[in-house]
Structures are given as C-alpha cells and as structure tokens.
**Q** 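Here it is, the structure in full.
Residues take their numbers from the sequence shown, with the count starting at 1. Counting starts at 1 for both ligands and their atoms, following the listed order. Because the structure is predicted, anything quoted here is derived from the model rather than measured. These values consider heavy atoms only, across backbone and side chains, with no hydrogens, waters or symmetry-generated copies.
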Amino acid sequence: MTIIRGAITIKQDEKEEIQSAVKELLEEIVSANNLKREEILSIVFSSTSDIHSYYPAKAAREAGFESSSLFSAMEPEINGGLKLCIRVMLFIERNLKAHPVYLRDAKALRKDLTQKINIAIDGPSGSGKSTVAKRLAKDYDILYLDTGAMYRACALKAIQSGVNVEDERNIFNLMQSIDLAIEYQNGSQITLLDGNDVSTEIRQPHISMAASTVSKLPCVRQKMVEKQREIAKKMSCVLDGRDIGTVVLPDAEFKFFLTASPEVRAKRRFDELTAKGYSVDYETIKTEIIQRDIQDTSREISPLKQAEDAILIDSSQMSVEAVITAIKSKLQEKI
Ligand code: DC
C-alpha cells in the first residue's frame with residue numbers, strides 16, 4: 001500500500017474554482033506517479049475551514065475518479081495556517097515510490113519537495129561521498145546519482161569487449177553504441193549495461209583503476225556528462241563524482257567537496273571490501289588510492305578539483321553522522 005499526498009490552494013471559495021483545482025491536483029498526482037486511475041482505492045480530502053462552496057470529493061467524481069471511494073473533511077481553523085487550501089491523500093494498493101504534489105501556494109507547505117535542487121558532492125575515492133550522498137537522498141526523498149558507477153560501467157564494457165582502456169580509438173567506437181542505463185529499484189541505483197544489471201560487478205577492485213583510466217578520455221566524459229545533466233535537469237538529486245560542481249552542474253544549488261587523508265580513505269575502502277568478502281591488502285589499497293588521486297587530479301579534462309564555490313569538508317576526523325549534520329545545516333539555511 002502506498003499513500004500519496006498533495007495539496008493545492010484556490011483564490012476564492014467558489015464551486016468552479018474547487019472543481020478545477022481538484023481536477024488539476026489529481027491529474028498532476030496521476031501523471032507524476034504514473035498511476036492508472038483504477039488502482040486508486042480511495043481519495044481522502046481535507047480542506048481549510050474557509051472552503052464551504054463545494055465538496056472536493058464531488059469534484060473528484062466529476063473529474064472522472066469514479067472507481068475510488070471518496071471522502072472530504074473540514075480541517076479545524078489554525079491561526080496563521082494556509083488559507084483556501086485543499087489537501088489530499090491517495091491510497092494505492094501496490095507499493096511504489098510516492099511523488100507528492102504541492103501546487104500554487106501549497107508549495108509553501110513542503111518547500112523541501114517542491115523546490116528543485118541539485119546537490120553536488122565531489123571528492124577523491126574513499127572520502128565518504130557515496131555514503132553521505134545516499135543518506136541525503138533518502139532523508140530529503142530525492143534521487144541519488146552515483147556518477148562513478150557510470151564510468152565504472154564504461155570500463156567494464158571495454159574489458160568485456162577486449163578493448164584496452166587506454167585505446168582511445170576503440171573506446172570511441174564503443175561509446176557510439178554503449179547501452180548504459182540507470183534505473184532505480186527501492187530507492188537504490190541499478191546500473192544496466194546492455195540490459196544486464198552490473199551494479200555489483202562494477203564494484204570489483206580491478207574496475208576502480210580501469211574506470212579512472214577510461215574516464216580521462218574526452219569521448220567517454222562527453223557521453224557521461226550528457227547523461228548526468230539530462231537526469232539532473234528533470235529532478236532534484238544528489239550527485240557524487242569528481243567534476244559535478246565544476247563541469248557537470250556548475251549552477252548546482254549546493255556544492256560540497258569532501259575529502260580525507262589517503263590513510264583514512266584507504267582504511268575505509270579496506271573495511272568496505274573486507275566486509276564484502278574480498279581478500280585485500282591495506283598497503284596495496286593505499287598505493288592504489290594515491291595513484292588514482294594522481295590520475296584523477298592531473299588529467300586534462302575535468303580533473304578532480306574543488307569548485308570555487310564548493311564547501312570543503314575534511315572528514316578525516318569526522319564520523320559519517322557528523323558530516324551529514326554539517327551538510328544538512330548548510331542545506332537548511334536555504335531550503
Ligand atoms: O567514485 P568512483 O570510485 O566509483 O569512481 C570511479 C572512477 O571514475 C574515478 O576514479 C574517476 C572516475 N569518475 C570521474 O572521472 N568523474 C566522475 N564524476 C565520477 C567518477
């Protein structure tokens with residue numbers, strides 16, 4: 001069962017206004033959530049006590065929502081509360097990710113949901129970007145885009161095709177036909193290469209260096225940046241990577257640059273890989289992290305770099321919670 005919420009305001013307490021607002025709100029919820037009208041079990045409205053002219057439930061029936069059970073209630077009058085506002089809850093039988101819809105002045109009720117924001121988190125590998133980005137996405141109910149996964153998928157494609165990751169001409173050819181898609185299942189990013197879920201495969205340690213190498217090539221970056229911008233343009237999301245704040249989304253509303261000492265990052269990666277069952281050596285990981293830092297920061301195009309307007313957070317001595325709290329306090333100043 002899923003409950004989807006929404007709200008809309010009207011200018012005057014008039015039957016026609018209520019009818020058109022209810023229609024607009026319900027149609028918008030249906031479209032934002034890809035719903036079929038038949039799967040809406042019930043629709044429950046509440047309206048502020050300054051609305052007397054018409055029942056929103058009746059307006060819903062007239063707007064064609066005939067198969068759902070409908071109910072309207074009046075809210076108590078709250079001092080300083082929003083005026084002339086109709087709120088709604090839709091009950092859907094299946095489980096889906098709900099996209100609430102707040103229209104007109106009702107947007108003020110949920111600024112966090114209605115304002116489109118892009119949060120860029122850049123930094124070297126092991127700085128904790130993905131852990132932090134995933135948590136922010138969950139807490140703010142927005143999308144998380146792991147851009148590193150896309151470069152990892154490119155590296156995997158090259159390896160599967162027997163193409164050397166430094167071989168620009170052949171990688172260019174691969175990029176012309178690469179079938180790379182990003183999907184979301186239960187809030188987690190799924191990376192699909194040629195239609196196959198490669199989300200686990202791309203996490204293998206040998207793919208990390210290959211991804212760093214392949215990501216130096218202009219043909220790879222151009223293609224990936226285009227895809228990343230396309231996703232970020234459509235919805236609020238947290239993106240983590242190396243060049244999000246500098247190149248992919250220079251106008252992102254929020255930019256953070258997360259870093260930590262190579263030792264701390266190597267230890268985090270070591271713990272993460274050991275927990276996944278890989279038998280790894282700390283010193284080897286540390287050397288590889290330093291090598292990747294050099295490669296990622298010294299490449300010609302879109303090197304790993306802190307954007308001038310990004311907030312720097314050194315997490316060497318900070319817990320994940322402390323980093324999240326620091327970022328959230330910055331976000332809350334604006335949203
Ligand atoms: O974040 P990660 O470790 O999954 O990234 C793998 C490699 O991909 C990284 O070493 C450099 C490259 N990358 C990039 O060049 N630009 C990004 N926005 C993200 C990753």
**Q** For ligand 1, indicate whether the residue R152 contacts it via side chain, backbone, both or neither (heavy-atom separation under 4.0 Å).
**A** side chain
**Q** Is L109 close to R87 at the side-chain level, that is, under 4.5 Å between some pair of heavy atoms?
**A**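 R87 reaches L109 side chain to side chain.
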**Q** State whether the number of non-hydrogen atoms from other residues, nucleotides or ligands found under 6.0 Å of K328 atom NZ is greater than 12.
**A**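 Yes.
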**Q** Are E263 and K286 close enough for a salt bridge, meaning some N to O gap below 4.0 Å?
**A**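 Salt bridge flag = yes for K286 with E263.
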**Q** Within the 4.0 Å heavy-atom shell around R292, which atoms of ligand 1 are there?
**A**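 Listed by number with element, the hits are 3 (O), 5 (O), 6 (C), 7 (C), 9 (C), 10 (O).
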**Q** Counting both backbone and side chain atoms, is some N or O of Q228 under 3.5 Å from an N or O of ligand 1?
**A**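 No, no N or O pair falls under 3.5 Å.
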**Q** Run the numbers for me: atoms of ligand 1, each under 4.0 Å from some heavy atom of S215, listed by number.
**A** 11 (C), 12 (C), 15 (O)
**Q** With only distance considered, is R221 within less than 3.5 Å of ligand 1 through an N or O on each side?
**A**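 R221 vs ligand 1: N/O contact under 3.5 Å present.
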**Q** Keeping the roles fixed (side chain from T9, backbone from D105), state whether a donor-acceptor pair exists under 3.5 Å.
**A** yes
**Q** Any side-chain heavy atom of R221 within less than 4.5 Å of one from R299?
**A** yes
**Q** Quick check: D240 and ligand 1, any N/O pair under 3.5 Å apart?
**A**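 No; every N/O pair is 3.5 Å or more apart.
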**Q** Backbone or side chain, does any N or O of S208 fall under 3.5 Å from an N or O of ligand 1?
**A**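 No.
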**Q** Are T213 and Q295 linked by a side-chain donor-acceptor pair shorter than 3.5 Å?
**A** yes
**Q** Looking at ligand 1, would R299 count as a contact under a 4.0 Å heavy-atom criterion?
**A**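 In this structure, R299 qualifies as a contact of ligand 1 - some heavy atom is under 4.0 Å.
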**Q** Nearest protein heavy atom to atom 9 (C) of ligand 1, by residue and atom, and its distance?
**A** R242 NH2, 3.2 Å
